[in-house]
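Reading through the structure tokens given below for one structure.
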Amino acid sequence: MAYREETKRPVDRELDALHDLLARARRVRRQAALPTLLIAAATASIGVSAHVLGYWSVFGVDEDGRYLLGAVTVFAAASLCALPVLLPGAAVYLVLRARTRNTWRIVHARAGVDEQWLAENVKRYG
């Protein structure tokens, strides 16, 4: 095994590094982005349901007790419910993605991959 690692060509190291970056990016998306999107979609649907069924008036009620129900108010209800989940989730995802990219560059620079190639491809594929 050690002999094979020593005789790897630079192209092989770059391909291994690229496969590793794609796997790491997929893992971060699965661990951070997907749960955030699922929870945001669930909270948005709860908010829209409450608004459409008459339990929540997004922009207030008229003097006779009626409230406006339309595409804009449904979008506002979904946004108001999803944003408290999406904003911190997006921040966590961006931090994890930056840490993953940085770690990937350090690990593969030590393995002998060209620094310039790493710098070019970290943002393209990660």
Side-chain angles (χ1 to χ4, degrees):
M1 180 84 168
Y3 175 75
R4 292 183 100 182
E5 290 297 322
E6 290 176 9
T7 60
K8 274 192 171 182
R9 297 176 301 168
V11 173
D12 294 334
R13 287 189 190 123
E14 291 171 356
L15 283 174
D16 289 344
L18 187 59
H19 285 289
D20 183 41
L21 177 62
L22 294 174
R24 288 175 188 237
R26 237 178 292 139
R27 192 174 323 120
V28 168
R29 287 185 196 119
R30 191 177 340 116
Q31 291 175 349
L34 184 62
T36 299
L37 291 176
L38 291 176
I39 294 169
T43 58
S45 66
I46 291 170
V48 167
S49 298
H51 176 61
V52 169
L53 293 174
Y55 293 109
W56 178 35
S57 171
V58 177
F59 295 127
V61 295
D62 290 340
E63 55 274 346
D64 60 353
R66 294 182 302 153
Y67 66 92
L68 183 64
L69 179 64
V72 173
T73 61
V74 169
F75 178 74
S79 299
L80 287 172
C81 291
L83 280 178
V85 175
L86 284 176
L87 294 178
V92 167
Y93 171 72
L94 291 175
V95 167
L96 288 177
R97 186 179 72 174
R99 286 179 57 197
T100 300
R101 287 177 173 179
N102 190 30
T103 303
W104 176 79
R105 285 182 70 179
I106 291 169
V107 166
H108 289 286
R110 288 182 189 157
V113 179
D114 183 37
E115 284 284 338
Q116 182 180 2
W117 186 88
L118 290 172
E120 288 174 7
N121 290 299
V122 71
K123 293 200 176 178
R124 180 183 302 166
Y125 297 107

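Values reported hereafter were calculated over all heavy atoms of this structure, with side chains retained and with hydrogens, waters and symmetry mates removed.
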Distance-minimising heavy-atom pair for G47 and A77 | O-CB, 3.9 Å
Are any of the side-chain heavy atoms of W104 and L118 separated by less than 4.5 Å?
-> yes
Linking I/L/V/M/F/W/Y whenever any side-chain heavy atoms sit under 4.5 Å apart, do I39 and I46 land together?
-> no
Looking at CZ of R13 and CG of L15, how far apart are the two atoms once the value is rounded to the nearest 0.5 Å?
-> 12.5 Å
CZ of R105 to OG1 of T100, rounded to nearest 0.5 Å, is 13.5 Å
Less than 4.5 Å apart, any side-chain heavy atom of V58 and any of L80?
-> yes
Please report the shortest heavy-atom distance between D64 and R66, naming the atom on each side.
-> OD2-NE, 2.9 Å
Is there side-chain contact between R101 and K123, with heavy atoms separated by less than 4.5 Å?
-> yes
Looking at CD of Q31 and CG of L96, how far apart are the two atoms once the value is rounded to the nearest 0.5 Å?
-> 8.0 Å
Y67 and H51 aromatic ring geometry - parallel, tilted or perpendicular at 30°/60° bounds = tilted
ILVMFWY network linking W56 to F59, side-chain heavy atoms under 4.5 angstrom | yes
Grab the two heavy atoms, one from A40 and one from V85, that are nearest each other, plus how far apart they are.
-> N-CG1, 3.8 Å
Atom NE2 in H108, atom OG1 in T103: separation rounded to 0.5 Å?
-> 10.5 Å
Here the gap from R29 atom CZ to R97 atom CZ, rounded to the nearest 0.5 Å, amounts to 8.5 Å
Flag yes if more than 12 heavy atoms outside Y55 fall under 6.0 Å of its OH atom; otherwise flag no.
-> no
Pairwise side-chain contact, R24 with V107, heavy-atom cut-off 4.5 Å (strictly under) = yes
Do any pairs count as a side-chain hydrogen bond (donor to acceptor under 3.5 Å, both in side chains) and have a residue in residues 32-46, sequence neighbours left out, and if so which ones?
-> none
Under a 4.5 Å side-chain heavy-atom rule over Ile, Leu, Val, Met, Phe, Trp and Tyr, are L22 and W117 clustered together?
-> yes
Minimum heavy-atom distance Y93-A33, with the two atoms named | CD1-CB, 4.0 Å
Is L86 linked to V92 within one hydrophobic cluster, defined over Ile, Leu, Val, Met, Phe, Trp and Tyr using a side-chain heavy-atom separation of less than 4.5 Å?
-> no
Hey, any chance L37 and L83 share a hydrophobic cluster, counting ILVMFWY side chains that come within less than 4.5 Å of each other, even indirectly?
-> no
Any side-chain heavy atom of E14 within less than 4.5 Å of one from L18?
-> no
For the residue pair L69 and V74, establish whether any side-chain heavy-atom pair is separated by less than 4.5 Å.
-> yes
Nearest 0.5 Å please: distance from the CG atom of D12 over to the CG atom of D16.
-> 6.5 Å
Hydrophobic side-chain clustering at under 4.5 Å (ILVMFWY, transitive links): who's grouped with L68? Put none if nobody.
-> none
